[in-house]
Amino acid sequence: MLDGRHVAEHLEETKAALRRRSEEAARALEPAEGLLSKRRVLIHATEKLQAERNNASQEMGKLAKGPDKAAFEARRGELKTLSDEVKKHEAELAELERAVEDLLLGVPNLPHPSVPDGTTEADNVVRRTFGEAKSYDFEPKPHWDVGAALGVLDFERAAKLSGARFSVLWGAGARLSRALIGFMLDLHTKEHGYTEVLPPFLVRGEALRGTGQLPKFEADLFKTQRSDPEDPSALYLIPTAEVPVTNLHGDEILDGATLPRAYTAYTPCFRSEAGSYGKDVRGLIRQHQFDKVELVRFVEPSQALAQLDLLCSHAEEVLKRLELHYRVVELCAGDLGFGAEKTFDIEVWLPSQKAYREISSCSSFGDYQARRAKIRYRPEPKAKPRLAATLNGSALAVGRTLVAILEQNQCSDGTVSIPKALVPYFGADNIPLP
RNA sequence: GGAGGAGUGGCCGAGUGGUCUAAGGCAGCGGUUUUGAAAACCGCCGAGGGUGCAAGCCCUCCGAAGGUUCGAAUCCUUUCUCCUCCGCCA
């Protein structure tokens, strides 16, 4: 969420920054100016009345103990009017605050000035590439064919259980998935200094509001239901570990000396993928449920961009160790996610599609999430609390990593070789034919 | 799922309608004293917001949201969390 005060004082500047995303984003801010100035006037009037009431109430305390009951009764009538006036103002102010909040919750983050201009994916900028596309002396198959031939990937039975966009991993496929999770978590905890977390997979709406998925993107989520369909305490399945892990420090004031804090979590992720019909209908790329190892960092705002480079390098390291060809793309302003101020996507090479596909997205949110979730830190022992900056990135999406291995490492005989770094986790150096 | 009990500042904890402007303690910070430390003593010590150059002043917050009242930490309603017991379960 943007800072209402900053918006009010720098309205044109803020609109210009939002316009880099889209006209629509800039328009979302239109009503802000009127609301915010009205709010200031109302706060003033309300507090004046409150102060008056407080003073009068104190005198009433004395009067109540005195002998003059008539004076007390007379004053009481007067104060009733004052009190009603206070309540009217408070109610009006509360309504206005809600309107401001609703408005600001629907406004995306400002793109960082360093983010390249552009409106679509096509305007994203390739920053670097690792390795190169292997050449094959045969036509590389898509992962669903490779996986089916090996007997490790089963979409038919998944459909029987749960419908489209689910998968069953069998045998070596399930083991490879587990090996990847273990490998990634070990790398981040033992070499990159992250603390491992295993959070809940169901969260309150409040947590999703903190990281920015709600109120705007409810349609992308799976919501649970107990006996009452209208139950406001219904829990949501997490769409990413970012949600529970970032909100871990919601409504807390962290000791500045403990920053940066770095957490890693493996979780399944659940996304309804509403509106994505027709995209990636085959294979493991776009699923309602998938596994992911996530990195989350809480940092001082001035460190955000440097920390984003660091986090991104941690995600890249997974692919380097797995010897998978990939590139890093910086998203243009128009392609940025709702709460992000700057994002690097890591895209892995899929030889069957002759294309790079997203396998990780690493973003800095500045204080956008922190303001929503009230994540603060105290720079010095006596200093005022400040909002922290939050960052996160996948490192990596497990299913897509499995896809990349099946595709990049497929051999002419139909087997798949396992990257060296993964052999200790997987227990073999290839997946043989059944 | 059922029956009870409890949520107060960083922590402990008093407070059952009127100087609560939330006692007291612990921890922390500054100071006096001391060769130094400890002890003792004195002071400071929550968050958010409004206003002001600033010092400051003002408002809100006692798990959360409503309500009663001239006035609510205190009374009422709803709700969340935790604890104990029962049931069920892994």
Side-chain angles (χ1 to χ4, degrees), chain A residues 1-9 32 35-102 104-105 198-210 214 224-236 244 247-258 367 370-388:
Chain A
M1 189 163 64
L2 300 180
D3 178 12
R5 193 169 174 167
H6 186 270
V7 169
E9 284 165 12
L35 286 177
L36 287 165
S37 64
K38 209 168 138 194
R39 173 171 164 269
R40 184 177 302 199
V41 172
L42 195 53
I43 285 176
H44 224 79
T46 306
E47 290 191 352
K48 203 176 147 207
L49 286 171
Q50 283 172 330
E52 205 178 311
R53 181 202 57 191
N54 290 349
N55 285 329
S57 279
Q58 230 171 84
E59 278 160 35
M60 280 298 273
K62 290 174 200 151
L63 210 51
K65 287 186 187 128
D68 194 348
K69 297 299 173 211
F72 179 86
E73 282 306 323
R75 190 77 179 118
R76 201 164 78 129
E78 284 171 45
L79 288 185
K80 173 73 179 156
T81 315
L82 175 62
S83 173
D84 287 346
E85 194 62 22
V86 169
K87 275 178 194 160
K88 228 173 79 191
H89 274 72
E90 284 175 344
E92 206 178 318
L93 182 60
E95 197 184 325
L96 195 55
E97 298 272 18
R98 224 177 350 259
V100 169
E101 170 112 347
D102 284 353
L104 289 176
L105 282 175
L198 183 59
F201 304 156
L202 289 163
V203 295
R204 301 171 190 284
E206 209 177 304
L208 288 150
R209 198 163 305 112
L214 287 180
T224 63
Q225 175 179 314
R226 293 188 242 206
S227 47
D228 172 13
E230 299 301 317
D231 183 0
S233 67
L235 298 173
Y236 294 82
N247 280 287
L248 240 25
H249 292 307
D251 219 358
E252 288 187 17
I253 300 172
L254 302 169
D255 178 356
T258 66
D367 62 14
R371 186 170 293 106
R372 287 171 165 245
K374 297 194 179 66
I375 304 165
R376 292 157 294 174
Y377 74 102
R378 206 180 294 281
E380 301 293 333
K382 285 280 180 180
K384 274 220 158 272
R386 289 194 57 187
L387 292 170

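Protein chains get the first letters and strands the later ones, always in sequence-line order, with residue 1 at the start of each. Note that this is a predicted model, so its numbers are computed, not measured. The basis for the numbers below is simple: all heavy atoms, side chains too, and nothing from hydrogens, waters or symmetry mates.
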> Which nucleotide in the set B:G50, B:A47, B:C58 lies at the smallest distance from any side-chain heavy atom of A:Ile43?
Replying inline: B:G50

>> Apply side-chain contact (heavy atoms from CB on, under 4.5 Å) to residues A:Leu105 and A:Met1 and explain how you reach the verdict.
In response: CA-CA 6 Å; A:Leu105 282 175; A:Met1 189 163 64; 3.9 Å; yes

> Distance-only, no hydrogens or angles: does the A:Asn247 side chain make a donor-acceptor pair with backbone N or O of A:Ala207 under 3.5 Å?
Replying inline: yes

> Which ones in residues 35-42 of chain A lie close to RNA chain B, meaning a heavy atom under 4.0 Å from one of its atoms?
Replying inline: A:Arg40

> So what does the secondary structure string of RNA chain B come out as, 5' to 3', with Watson-Crick or wobble pairs under 3.5 angstrom, [ ] for crossing and | for pairs with another strand?
Replying inline: ((((((((.[[[..)..(.....]]].(((((.......))))).((((((....)))))).[[[[[..)....]]]]])))))))....

>> With a 4.0 Å cutoff (strictly under), does any side-chain N or O of A:Arg204 reach OP1 or OP2 of B:C80?
In response: no

>> Distance check needed: B:U51 C1' versus A:Gln50 CD, whole Å only.
In response: 15 Å

> What string of B, S and - do you get for nucleotides 68-78 of chain B, 5' to 3', if B is base contact, S is sugar-phosphate-only contact and - is no contact with any protein heavy atom under 4.0 Å?
Replying inline: -BBS-------

Under 3.5 Å, side-chain donor or acceptor atoms of residues 36-52 of chain A against the rest of the protein: list the pairs with distances, not counting sequence neighbours.
residue : atom : partner : partner atom : Å
A:Ser37 : OG   : A:Glu33 : O            : 3.4
A:Ser37 : OG   : A:Gly34 : O            : 3.2
A:Arg39 : NE   : A:Glu97 : OE1          : 3.0
A:Thr46 : OG1  : A:Leu42 : O            : 2.7
A:Gln50 : NE2  : A:Glu90 : OE2          : 2.7

> Listed by chain and number, what are the ring pair (Phe, Tyr, Trp, His ring centres under 6.0 Å) partners of A:His89, not counting sequence neighbours?
Replying inline: none

>> Say we look at B:G13 and B:C80: how far apart would their P atoms be, to the nearest angstrom?
In response: 26 Å

> Starting at OH of A:Tyr377 and ending at P of B:A47, how long is that distance when rounded to a whole Å?
Replying inline: 15 Å

> RNA chain B: A:Arg98 or A:Arg386, which has the more 5' nearest nucleotide?
Replying inline: A:Arg386

> Any donor-acceptor pair under 3.5 Å between the side chain of A:Glu47 and the base of B:G49?
Replying inline: yes

> Taking only residues two or more places apart in sequence, or in another chain, which ones meet A:Arg98 in a side-chain contact (heavy atoms from CB on, under 4.5 Å)?
Replying inline: A:Glu95

